[in-house]
Amino acid sequence: MPELPEVETVRRGLQPVMEGARIMRVETRRPDLRFPFPERFAERLEGRRIVSLGRRAKYLTTHVEDGPVLICHLGMSGSFRVETDDTADAPGEFHHARSKSATHDHVVFHLAAATGDAARIVFNDPRRFGFMLFAEGNASEHPMLAGLGVEPTGNELDGKLLAELFRGRRTPLKAALLDQRLIAGLGNIYVSEALWRAGLSPTRAAGTIAEGGRKGMEACERLATAIRSVIADAIEAGGSSLRDYVHADGSLGYFQHAFSVYDREGEACRKPGCKGHVERIVQSGRSTFHCAACQR
DNA sequence: CCGATTACCTGCACGC
DNA sequence: TGCGTGCAGGTAATCG
């Protein structure tokens, strides 16, 4: 489900509830998600105050006082929702619009805010590709985060860096952009969208835009700009709501309406003046959507 | 080193 | 109504 914009949207939804609150109790309703929960998972969190909620790529990091850093990944189908006594006891509110099976509520964090208000943070994940791990000390040194590449937010990712990352790589642009060791946070949707915005073919060897002299440099600049803009636009729209994905407060993201190619097989290309249409191809076993007419 | 394939798991849409 | 098939936003292990 969630690529960087969705994870960032989740983070922003949870932050006001979690930061400063104390974790009173942690329930795990099964022994594992993708991986087994860490030893003494609940015990090491209970009683501690949450200092901050961060994000690296598609990972959420929860920092507590005098405890481990909780690293959460949502996998394909993971989501968090916030329950307060108001929301839980009020039938027919937004819960109704998106009945999500409690069958897959795997973890519940019972919180007490500084004001004394109680809240529950519930992690739901039907496919259980998500996971929760602990980092001792600096989370960025945890094996799961240590190898991650540059964030596609902010100014660091530019044409020059992209050229350095791609130089000599014969892998298709699609695969290069999905490689979290190069750029961290892009997923299947936003890779298709970024390549369309940049007018670059997903099948083109990544190295060819890094080695093509002036034209190559222009392509790198276009791609860096496309990546940053599509991620920024998606975050601003509150992410994409596909299938059952919703925000922590139950609301929906809107970016799926702004998709240019993803899941639009057969539609006319939206690029002004382009006569092409959106095609679906399969690369490394996953769908890629692109316009062969304007993406070269 | 590289890339492609498979595995992990459940739900849903679709055709019959 | 049910059943088989394919597909789904993730990462990681394995195989050439």
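The shown structure was predicted, so the numbers you read here are calculated from the model rather than taken from an experiment. Just so it is clear: chains get the letters A, B, ... in the order the sequence lines come, proteins before strands, and each one is counted from 1.
Checking Glu27(A), Arg22(A), Arg120(A) one by one against His110(A), the side-chain hydrogen bond (donor to acceptor under 3.5 Å, both in side chains) holds for a single residue, Glu27(A).
A donor-acceptor pair under 3.5 Å is absent between the side-chain atoms of Glu211(A) and the main chain of Arg167(A), judged by distance alone.
Contact check of residues 195-209 of chain A against DNA chain B (heavy atom, cut-off under 4.0 Å) returns no residues at all. Less than 4.0 Å separates DNA chain C from at least one heavy atom of each of the following residues of residues 282-291 of chain A: Arg286(A), Ser287(A).
The CD1-P distance, from Ile189(A) to dG10(C), rounds to 7 Å in whole Å. For the pair Arg167(A) CZ and dC1(B) P, the computed distance is 19 Å after rounding to whole Å. Note: CD (Gln180(A)) to C1' (dG10(C)) measures 9 Å, nearest angstrom. At whole-Å resolution of the value, CG in Leu177(A) and P in dG9(C) are 16 Å apart. Rounded to whole angstrom, the span from the NZ atom of Lys174(A) across to the P atom of dC2(B) amounts to 19 Å. Distance Leu33(A) CG to dG10(C) C1': 13 Å, rounded to the nearest Å. Distance Asn188(A) CG to dA8(C) P: 8 Å, rounded to the nearest Å. Computed from coordinates, the His73(A) NE2 to dC8(B) C1' distance equals 14 Å when rounded to whole Å.
Thr61(A) is not listed as a side-chain neighbour of Leu53(A), based on a closest heavy-atom distance of 4.5 Å or more. Taking the side chain as every heavy atom from C-beta outward, Leu74(A) and Asp125(A) never approach each other to under 4.5 Å.
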Going 5' to 3' along nucleotides 9-14 of chain B, which nucleotides have protein heavy atoms under 4.0 Å from the base (write B), which only from the sugar-phosphate (write S), and which from neither (write -)?
-> BBS---
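Listed by first and then second residue, the salt bridge (Lys or Arg N to Asp or Glu O under 4.0 Å) pairs involving residues 194-204 of chain A are Arg197(A)-Asp233(A) (not counting sequence neighbours). The stretch residues 149-197 of chain A participates, sequence neighbours left out, in these ring-ring contact (aromatic ring centres under 6.0 Å, His included) pairs: Tyr190(A)-Phe255(A). Identified under the side chain to side chain donor-acceptor pair (under 3.5 Å) test for residues 281-296 of chain A, with sequence neighbours left out: Lys174(A)-Thr288(A), Arg280(A)-Ser287(A), Gln283(A)-Thr288(A). Listed by first and then second residue, the salt bridge (Lys or Arg N to Asp or Glu O under 4.0 Å) pairs that reach into residues 140-166 of chain A are Arg55(A)-Glu151(A), Arg56(A)-Glu151(A), Lys160(A)-Glu164(A), sequence neighbours excluded. Residue pairs satisfying the side chain to side chain donor-acceptor pair (under 3.5 Å) criterion with at least one member in residues 33-48 of chain A, sequence neighbours excluded, are listed as follows: Arg44(A)-Glu136(A).
For the atom pair Met132(A) CE and His73(A) NE2, the distance stands at 12.0 Å (nearest 0.5 Å). Taken from NE2 in His104(A) to CG in Asn124(A), the straight-line distance is 7.0 Å, to the nearest 0.5 Å.
Atom CZ of Arg30(A) has more than 12 neighbouring heavy atoms from other residues, nucleotides or ligands inside a 6.0 Å radius. Other residues, nucleotides and ligands place more than 12 heavy atoms under 6.0 Å from the CD atom of Glu267(A).
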Where each pair must be Watson-Crick or G-U wobble with both distances under 3.5 Å, what dot-bracket representation of DNA chain C is obtained, with crossing pairs in [ ] and other-strand partners as |?
-> .|||||||.|||||||
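Going from the P atom of dC9(B) to that of dT14(C) covers 16 Å, rounded to whole Å. Of the P atoms belonging to dG9(C) and dA13(B), the separation is 16 Å, rounded to the nearest Å.
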Leu177(A) and Leu223(A): CA distance, side-chain angles, deciding distance, side-chain contact (heavy atoms from CB on, under 4.5 Å) verdict | CA-CA 10 Å; Leu177(A) 292 179; Leu223(A) 184 51; 4.3 Å; yes
Test salt bridge (Lys or Arg N to Asp or Glu O under 4.0 Å) on Glu218(A) and Lys215(A) and set out the steps.
-> CA-CA 5 Å; Glu218(A) 285 170 6; Lys215(A) 278 200 163 177; over 6 Å; no
Provide a list of protein-nucleic acid N or O atom pairs under 3.5 angstrom, restricted to nucleotides 12-16 of chain C.
{"residue": "dA12(C)", "atom": "O4'", "partner": "Arg34(A)", "partner atom": "NH2", "Å": "3.3"}

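The hydrophobic side chain of Met24(A) is isolated, with no ILVMFWY side chain under 4.5 Å apart from it. Under the 4.5 angstrom side-chain criterion for Ile, Leu, Val, Met, Phe, Trp and Tyr, the cluster partners of Val122(A) are Val108(A).
Listed pair Lys58(A) / dT11(C) meets the phosphate criterion, a side-chain N or O lying under 4.0 Å from OP1 or OP2.
The side chain of Glu6(A) lies closest to dG9(C) when the candidates are dA4(B), dG10(C), dG9(C).
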